[in-house]
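Single-structure report; data block below.
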Amino acid sequence: MVEVATSILNIDREKAIRTLYDLEYAKTDYFHIDVMDGKFVKKDTSSMMREYCEYLNSISNLPLDVHLMVEDVESYIDSYLIYEPNILTFHYEACKKKEQVLEYIKYIKERNCRVGITLNPDTPIEEIYEFLPYVHMALIMTVVPGEGGQKMIDSTIDKIKKVKEYCVKNEIDIDIEADGGITLENAPKVREAGANILVAGKTIVSSKDYAKTILELKNA
Ligand code: DX5
Ligand code: ZN
């Protein structure tokens with residue numbers, strides 16, 4: 001069984017509170033918060049995601065899985081820590097040099113928050129191996145970051161396989177999360193490749209029965 005993190009990037013803003021409540025009731029394991037700054041990726045979702053985190057802090061105890069698609073990682077860490085996220089994940093490509101990756105990991109941990117690292121589909125998985133012993137999760141982007149509702153890039157499945165093998169071989173016990181274009185059809189092969197957390201936005205939010213879809217993903 002895998003865990004499911006529902007991406008709330010494309011929920012109907014007019015019905016946000018109702019939708020968030022329904023997703024919690026439908027037993028999503030996490031709310032996946034897609035923070036975009038309009039620089040690292042074209043879209044700027046930061047104020048909308050802060051609004052949703054405010055709601056979630058008052059209506060739900062479910063963990064927040066915050067995905068930072070931002071250039072100025074440190075300032076967004078500070079601004080989202082106030083929502084007491086379960087994990088803050090930043091992009092390897094947002095770091096100007098390798099030392100900065102470790103600096104951000106330390107910065108997040110010093111603030112008593114779990115930390116994840118993620119990378120774009122075209123960044124070789126080997127680039128993050130050296131950091132895996134120091135994080136709680138590797139988030140493997142299975143689409144180019146910046147939009148919901150995209151089709152999965154099939155070649156990213158190999159990256160999930162490789163990072164899983166590397167973790168097993170090196171006895172690194174971390175979560176592996178797959179993010180982008182996850183459907184009921186491709187979820188089984190994503191799980192088999194080694195992901196234990198699946199992020200899904202469109203597959204869940206556009207479905208008629210959130211609970212049924214989430215359960216099917218969990219049993220993929
Ligand atoms: C894309 C985001 C993903 C995306 C997932 O930049 O990081 O979390 O919103 O949504 P779907 O499942 O619709 O691809
Ligand atoms: Zn995401």
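Scope of the values below: all heavy atoms of this structure, side chains included, with no hydrogens, waters or symmetry mates. Computed from a prediction, not measured in an experiment: that's the story for all the values here. As the structure lists them, so they are numbered: ligands from 1, and atoms in each ligand from 1.
The atoms of ligand 1 that sit less than 4.0 Å from any heavy atom of Lys202 are 11 (P), 12 (O), 13 (O). If you number the atoms of ligand 1 from 1 as listed, the ones under 4.0 Å from a heavy atom of His67 come out as 7 (O). Proximity to Ala200 (heavy-atom distance under 4.0 Å) selects the following atoms of ligand 1: 12 (O). Under a 4.0 Å criterion applied to the non-hydrogen atoms of Met141, ligand 1 contributes the atoms 7 (O). Taking a cut-off of under 4.0 Å to the non-hydrogen atoms of His32, the atoms of ligand 1 that pass are 8 (O). Remark: ligand 1 atoms within the under-4.0 Å shell around heavy atoms of Met69 are 6 (O), 7 (O). Counting the atoms of ligand 1 from 1 in the order shown, those under 4.0 Å from a heavy atom of Pro145 are 6 (O). Those atoms of ligand 1 with a heavy atom of Gly180 less than 4.0 angstrom away are 14 (O).
From Thr183, atom OG1 reaches atom NZ of Lys151 across 8.5 Å, with rounding to the nearest 0.5 Å. Taking CG from Leu23 and OG1 from Thr213, the interatomic distance works out to 10.5 Å, rounded to the nearest 0.5 Å. Atom NZ of Lys161 is separated from atom CD1 of Ile125 by 13.0 Å, given to the nearest 0.5 angstrom. Between Leu64 atom CG and Ile8 atom CD1 the span is 8.0 Å, to the nearest 0.5 Å.
Distances from ligand 1 to the non-hydrogen atoms of Met36 include at least one value under 4.0 Å. Between Thr203 and ligand 1 there is no heavy-atom distance shorter than 4.0 Å.
Considering only non-hydrogen atoms, atom 8 (O) of ligand 1 lies nearest to Asp179 out of Ile204, Asp179, Asp65, Thr183.
Using modelled atom types and a 3.5 Å distance limit, the side chains of Tyr107 and Glu103 yield no donor-acceptor pair.
Looking from atom 14 (O) of ligand 1 to the surrounding protein, the closest heavy atom is Gly181 N, 2.9 Å. The protein heavy atom nearest to atom 6 (O) of ligand 1 is Gly146 N, 2.8 Å. Regarding atom 2 (C) of ligand 1, its nearest protein heavy-atom neighbour is Asp34 OD1, 3.3 Å. With respect to atom 1 (C) of ligand 1, the closest heavy atom belonging to the protein is Glu147 O, 3.3 Å.
More than 12 non-hydrogen atoms from other residues, nucleotides or ligands lie less than 6.0 angstrom from CD of Glu110. Residue Lys98 places its NZ atom among more than 12 non-hydrogen atoms of other residues, nucleotides or ligands, all under 6.0 Å distant. At most 12 non-hydrogen atoms from other residues, nucleotides or ligands lie less than 6.0 angstrom from NZ of Lys169. Under a cut-off of 6.0 angstrom, the local environment of OH in Tyr166 is crowded, with over 12 non-hydrogen atoms contributed by other residues, nucleotides or ligands.
Below 30°, between 30° and 60°, or above 60°: for His67 and His91 the angle between ring planes is below 30°, a parallel geometry.
On a distance-only criterion, Gly149 and ligand 1 share at least one N/O pair closer than 3.5 Å. For ligand 1, one of its N or O atoms has an N or O atom of Gly201 under 3.5 Å away. Residue Ile182 has no N or O atom closer than 3.5 Å to an N or O atom of ligand 1. Looking at Gly148 next to ligand 1, no N or O pair under 3.5 Å apart turns up.
Looking only at N/O/S atoms, Asp179 comes nearest to the Zn ion (ligand 2) through OD2. Among heteroatoms of the N, O or S kind in Asp34, OD1 lies nearest the Zn ion (ligand 2). Residue-level check: among N/O/S atoms of His67, ND1 sits closest to the Zn ion (ligand 2).
The pair Lys162-Glu126 meets the salt-bridge criterion, since a charged nitrogen lies less than 4.0 angstrom from a carboxylate oxygen. Between Arg114 and Asp175 there is a salt bridge, since at least one side-chain N of the basic residue sits less than 4.0 Å from a carboxylate O of the acidic one.
Applying the ring pair (Phe, Tyr, Trp, His ring centres under 6.0 Å) test to Tyr80 and every residue at least two apart in sequence or in another chain returns Tyr83.
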